[in-house]
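Letters A, B, ... are given to chains in the order of the sequence lines, protein chains preceding strands, and every chain is numbered from 1. Given the structure is predicted, the values throughout are model-derived calculations rather than measurements.
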There are 2 protein chains.
Amino acid sequence: MANKSIEPRDGCIASAMDIIGSKWTALILRDLALGPKRFSELEKSISQLNPRTLSQRLDGLEAQGIISKQASQANRPKSLYALTAKGADLLPLLKQMATWGNKYAANRD
Amino acid sequence: MANKSIEPRDGCIASAMDIIGSKWTALILRDLALGPKRFSELEKSISQLNPRTLSQRLDGLEAQGIISKQASQANRPKSLYALTAKGADLLPLLKQMATWGNKYAANRD
DNA sequence: CAGTATCCTTGTTGATACTG
DNA sequence: CAGTATCAACAAGGATACTG
């Protein structure tokens, strides 16, 4: 069947939404775009986000191969979350969102 | 403060997510990208979506200025939903999603 | 056709406390 | 620091039936 849709095949948009659609994920990815971050850094940066939910998001993203987690227990517990290639490929998407938001979002300051 | 983030100012991504982040919205927009559609057309196209939620999404999108609604009650009830300019500006975003999804989504057929 | 009304299930959150 | 455990409370979403 001829597919005139903007998605090459069905489910493409849905699968992207499946990743970034859950609350906070886009913001987490935005932060990780600047480089690897620790749990507490993310927690601080996204102040409305509580540790339980952050942990859930992080686990989910790792399971989906969007981020990688590197934990070391040298002296003090330390964890580092970073984007994978698959996750980095999501960045143009975030930029596009930012572009749209910048044009249309109400200014809040 | 210097903002090295991929968003020019805080809240841009959040405001885009506020629109497309709710479930089904991206799919509705995808369909409207092909031209104005009726309620039942959308309902048929997105088969998992029930009328209540569709109605909610449509109302919300209209309130946010993403789509316009034109209803006529000539003989038979008829409604037509179409993208506004603001809504059309969301399409690059959807294409970007589709691109990502096409690269990474599991094939389902 | 274009929705509403109702009810129910699930996801998300908030607060707080606790562990390696 | 980096989380997990537990509970309560709520909002979003799903199923189904019904109406102008």
For a quick test of reading the model: is some side-chain N or O of [X] closer than 4.0 Å to OP1 or OP2 of [N]?
X: B:Ser55; N: C:dG3; answer: no
X: A:Ser79; N: D:dG3; answer: yes
X: B:Thr53; N: D:dG14; answer: yes
X: B:Tyr81; N: C:dC1; answer: no
X: A:Lys37; N: D:dA2; answer: no
X: A:Trp24; N: C:dT12; answer: no
X: B:Arg38; N: C:dA2; answer: yes
X: B:Lys23; N: D:dG14; answer: yes

* Report which part of the nucleic acid B:Arg52 touches: base, sugar-phosphate, or nothing (heavy-atom distance under 4.0 Å, all strands). =>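 The residue B:Arg52 makes base contact.
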* Scan B:Lys44 against the nucleic acid and name what it touches under 4.0 Å (heavy atoms): base, sugar-phosphate only, or nothing. =>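 Answer is nothing: B:Lys44 stays at 4.0 Å or more from every strand.
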* To do: Would you mind telling me which of D:dA15, C:dC1, D:dT4 lies closest to the side-chain atoms of A:Asp59?
  =>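 The closest nucleotide is D:dT4.
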* Structure fact -> When every non-hydrogen atom of A:Thr84 is compared with those of A:Ser68, the smallest separation belongs to CG2-N, 3.8 Å
* Looking at residues at least two apart in the chain, or sitting in another chain, which of them share a side-chain contact (heavy atoms from CB on, under 4.5 Å) with B:Leu34? -> A:Lys4, B:Lys37
* **Residue mapping more 5' on DNA chain C - nearest nucleotide basis, B:Lys78 or A:Gln48** =>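 By nearest-heavy-atom nucleotide position, the 5'-most residue is B:Lys78.
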* Asked: Quick one: on DNA chain C, does A:Ser22 or A:Pro51 contact a more 5' nucleotide (nearest heavy atom)?
  ->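 Counting from the 5' end, the first nearest nucleotide belongs to A:Ser22.
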* Could you check which nucleotide pairs with D:dG20 in any of the strands shown, counting Watson-Crick or G-U wobble with both distances under 3.5 Å? => C:dC1
* Report the C-alpha distance between B:Leu42 and B:Leu32 in whole Å, list the side-chain angles of each, state the deciding distance to 0.1 Å, and finish with yes or no for side-chain contact (heavy atoms from CB on, under 4.5 Å). => CA-CA 9 Å; B:Leu42 294 168; B:Leu32 292 181; 4.2 Å; yes
* Asked: So do the side chains of B:Phe39 and B:Leu58 get within less than 4.5 Å of each other, counting heavy atoms only?
  ->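 When only atoms from C-beta onward are counted, B:Leu58 and B:Phe39 do touch, with a gap below 4.5 Å.
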